[in-house]
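Any value given below was found using the heavy atoms of this structure, including those in side chains, with hydrogens, waters and symmetry copies removed. Only a predicted model underlies this, so the values are computations on that prediction, with no experimental measurement involved.
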Amino acid sequence: MTHSLVSKMKKELSLIQPSDILKFDQEASAIPGIIKLTIGEPDFNTPEHVKEAGKRSIDHNRSHYAPPNGTPELRQAISRFLEKKYGLFYNADHEILVTAGATEAIYTVLTSILNPGDKVLMPTPIFPLYIPDALLAKAEPVFMDTSDNGFVLSPELLEKTLAEHGDAVKAVIFNFPCNPTGVTYRRDQIEALANVLKKHDIFVICDDIYSELTYGERHISMAEYLPNQAIVINGASKSHAMTGWRIGFICAPAAITTELGKIHQFTITSTATVAQDAALEAFENGIDDGVHMRAEYQKRRDFVYEAMSKNGFDCVKPQGAFYLFAKIPAHMIQNSMDFSRDLAHKAKVAVIPGGSFGPGGEGYIRISYAASMEQLQEAMRRIAHYVETLKEQRSVQQ
């Protein structure tokens, strides 16, 4: 490859940087004895009946290509799952695409609907993957900082942003329960936002991947109120602890799904047939597999929230997912990357810097409590010791 080709490639991709989250996780992993509360992955194993379905699929030589949009049986199971769980109605033949995890679903959606110069609205802090995917489509992310409103997007801020950017806005993204804050939206909040959005001819992307992990009220998708505008993204990774199986899906009206299918088809052809057969078992016969995981996550949430609050961190109590977003106390290092590095090296606890999640995230850290209670207890003990050591140092300096 010539130098000029490499230079051209670098120029084209200059706006895209490697993931801060993965980069810091790799950095922290090299520290001996580190407890990692970094990556958002369930620590549970895939349910046994789902694993057995995968084994049967292998034994039955289900190793050939599946249809690009997914096996008919899995699409039917997804359709029934969404109807029973969230009251969403999608035709299995024309309105559902099975993807390689929610990651591919996000890429497919954004690269399908966005053109150069389009704008996509993102309430921040937010899962950062949307940003580079939008930039790859030569679109412009527009950030709406929600940190002054308990990390909830208000109808007023949404309306103001839409008015400011006008017809250039092609889409808005909602991810709740939210990564990184753990915040979710009540029905009245969703309805108020939907009343704003229905006045605008834009796509509403609903990343509902944590929909089975809510504490208290059941998840309500924005798609319930905006079925003609909504593109729903979900999958089996969080609900059934199937991250490595790479099963996600997209649901949208047939006219939209047909167009999304073009990018999807030429990106991956189809997801692994064996994984789809396992997911069929998950959505068909394991519809409530996430219940016991959710109960355990809630216990961990309560423990970590109380421990971090006691240590002087201001936290919004998570209503879903498995993340705690904690504000770094004023007397500590305020740059979230510098703080996280200091914590990792001195306390041997790895968290994710809040600055990785866009405007409103700097000065915070994200803790994933998708870890065993034993690990969490030791991590909180180490953080308490770190905080106490800082207090003693300040006392000596004064």
Side-chain angles (χ1 to χ4, degrees), residues 86 88-90 94-97 99 102 105-146 149 151-176 178 184-185 187-209 211 220-234 249-264 358-360:
Y86 315 118
L88 301 179
F89 303 93
Y90 288 101
H94 308 294
E95 298 182 327
I96 296 175
L97 290 175
T99 62
I106 293 168
Y107 174 84
T108 291
V109 170
L110 292 180
T111 55
S112 295
I113 68 174
L114 296 175
N115 294 309
D118 286 342
K119 297 183 179 183
V120 54
L121 308 188
M122 303 181 188
T124 58
I126 197 169
F127 181 49
L129 181 64
Y130 312 114
I131 301 169
D133 281 357
L135 293 173
L136 281 170
K138 299 189 184 319
E140 179 186 344
V142 176
F143 303 122
M144 299 177 288
D145 185 348
T146 66
N149 194 45
F151 300 114
V152 173
L153 178 65
S154 68
E156 294 77 17
L157 178 56
L158 176 60
E159 188 74 85
K160 176 184 175 183
T161 309
L162 285 164
E164 181 180 348
H165 295 276
D167 293 339
V169 176
K170 180 65 72 69
V172 59
I173 295 173
F174 289 98
N175 163 228
F176 61 86
C178 178
T184 195
Y185 287 68
R187 180 172 290 278
D188 61 319
Q189 294 170 321
I190 294 169
E191 187 172 6
L193 291 167
N195 287 335
V196 173
L197 291 165
K198 67 178 57 174
K199 297 182 291 186
H200 299 268
D201 190 23
I202 63 174
F203 293 105
V204 179
I205 301 169
C206 309
D207 185 348
D208 294 349
I209 192 66
S211 59
I220 301 164
S221 177
M222 187 72 73
E224 180 180 334
Y225 288 90
L226 300 168
N228 295 324
Q229 292 173 257
I231 300 174
V232 173
I233 294 170
N234 210 321
F249 56 82
I250 305 169
C251 302
I256 298 173
T257 303
T258 298
E259 300 305 314
L260 297 176
K262 296 176 183 178
I263 295 293
H264 164 72

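- Between Leu136 and Tyr107, the shortest heavy-atom contact is CD1-CE1, 4.2 Å.
- One finds the CG atom of Leu153 at 12.5 Å from the CD1 atom of Ile173 (value rounded to the nearest 0.5 Å).
- Expressed to the nearest 0.5 Å, how far OG1 of Thr124 lies from CG of Asp145 amounts to 4.5 Å.
- Evaluation of the ring pair (Phe, Tyr, Trp, His ring centres under 6.0 Å) rule for Tyr225 yields no partner, not counting sequence neighbours.
- Residues Phe176 and Ile190 form a side-chain contact, since some pair of their non-hydrogen atoms from C-beta on lies under 4.5 Å apart.
- Among all heavy-atom pairs drawn from Pro227 and Glu224, the shortest one is CD-O, 4.1 Å.
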Checklist line | Step-by-step side-chain contact (heavy atoms from CB on, under 4.5 Å) determination, Ser211 to Asn234 | finding: CA-CA 8 Å; Ser211 59; Asn234 210 321; 3.1 Å; yes
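- The aromatic rings of Phe174 and Tyr185 sit perpendicular to each other, their planes meeting at more than 60°, with 30° as the lower class boundary.
- Taking CD1 of Ile250 as the reference point, atom CD1 of Ile106 lies at 9.5 Å (rounded to 0.5 Å).
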Margin query: Quick one, Val172 with Leu193, criterion side-chain contact (heavy atoms from CB on, under 4.5 Å). Give me CA distance, side-chain angles, the key distance, then yes/no.
Written below: CA-CA 11 Å; Val172 59; Leu193 291 167; over 6 Å; no
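- Residues Thr146 and Pro125 approach most closely at OG1-CD, 4.0 Å, considering heavy atoms.
- Checking each of His200, Lys119, Met144 against Leu162 for a side chain to side chain contact (heavy atoms under 4.5 Å, CB included) leaves exactly one that passes, namely His200.
- Although no hydrogens or angles enter the test, the distance criterion places a donor-acceptor pair under 3.5 Å between the side chain of Gln229 and the main chain of Ile202.
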Check: Would Val232 and Tyr90 satisfy side-chain contact (heavy atoms from CB on, under 4.5 Å), going step by step from the backbone distance to the final call?
Finding: CA-CA 10 Å; Val232 173; Tyr90 288 101; 3.5 Å; yes
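- Pairing each heavy atom of Thr111 with each of Asp133, the nearest pair is CG2-O, 4.4 Å.
- Atom CG of Asn195 has more than 12 neighbouring heavy atoms from other residues, nucleotides or ligands inside a 6.0 Å radius.
- Between Ile263 atom CD1 and Ile113 atom CD1 the span is 11.5 Å, to the nearest 0.5 Å.
- Between Tyr130 and Asp207, the side chains place a donor N or O and an acceptor N or O closer than 3.5 Å (distance only, hydrogens not considered).
- Using modelled atom types, no side-chain atom of Thr257 and backbone atom of Ile96 make a donor-acceptor pair closer than 3.5 Å.
- In this structure, Ile131 and Phe143 have side chains that are in contact, with non-hydrogen atoms separated by less than 4.5 Å.
- In this structure, Thr161 OG1 and Met122 CE are separated by 13.0 Å, a value rounded to the nearest 0.5 Å.
- The minimum heavy-atom distance linking Leu110 with Ala137 is given by the pair O-CB, 4.2 Å.
- With 3.5 Å as the limit, one finds no donor-acceptor pair spanning the side chains of Ser154 and Asn149.
- The environment of Phe151 atom CZ is dense: over 12 non-hydrogen atoms of other residues, nucleotides or ligands sit within 6.0 angstrom.
- In this structure, Cys206 and Ala223 approach most closely via the heavy-atom pair SG-N, 3.9 Å.
- Between Cys251 and Leu88 the shortest side-chain heavy-atom distance does not fall below 4.5 Å.
- Taken from CZ in Phe203 to CD1 in Ile256, the straight-line distance is 5.0 Å, to the nearest 0.5 Å.
- Within the structure, salt bridge (Lys or Arg N to Asp or Glu O under 4.0 Å) contacts touching residues 188-203 (residues at least two apart or in different chains) are Glu159-Lys199, Arg186-Asp188.
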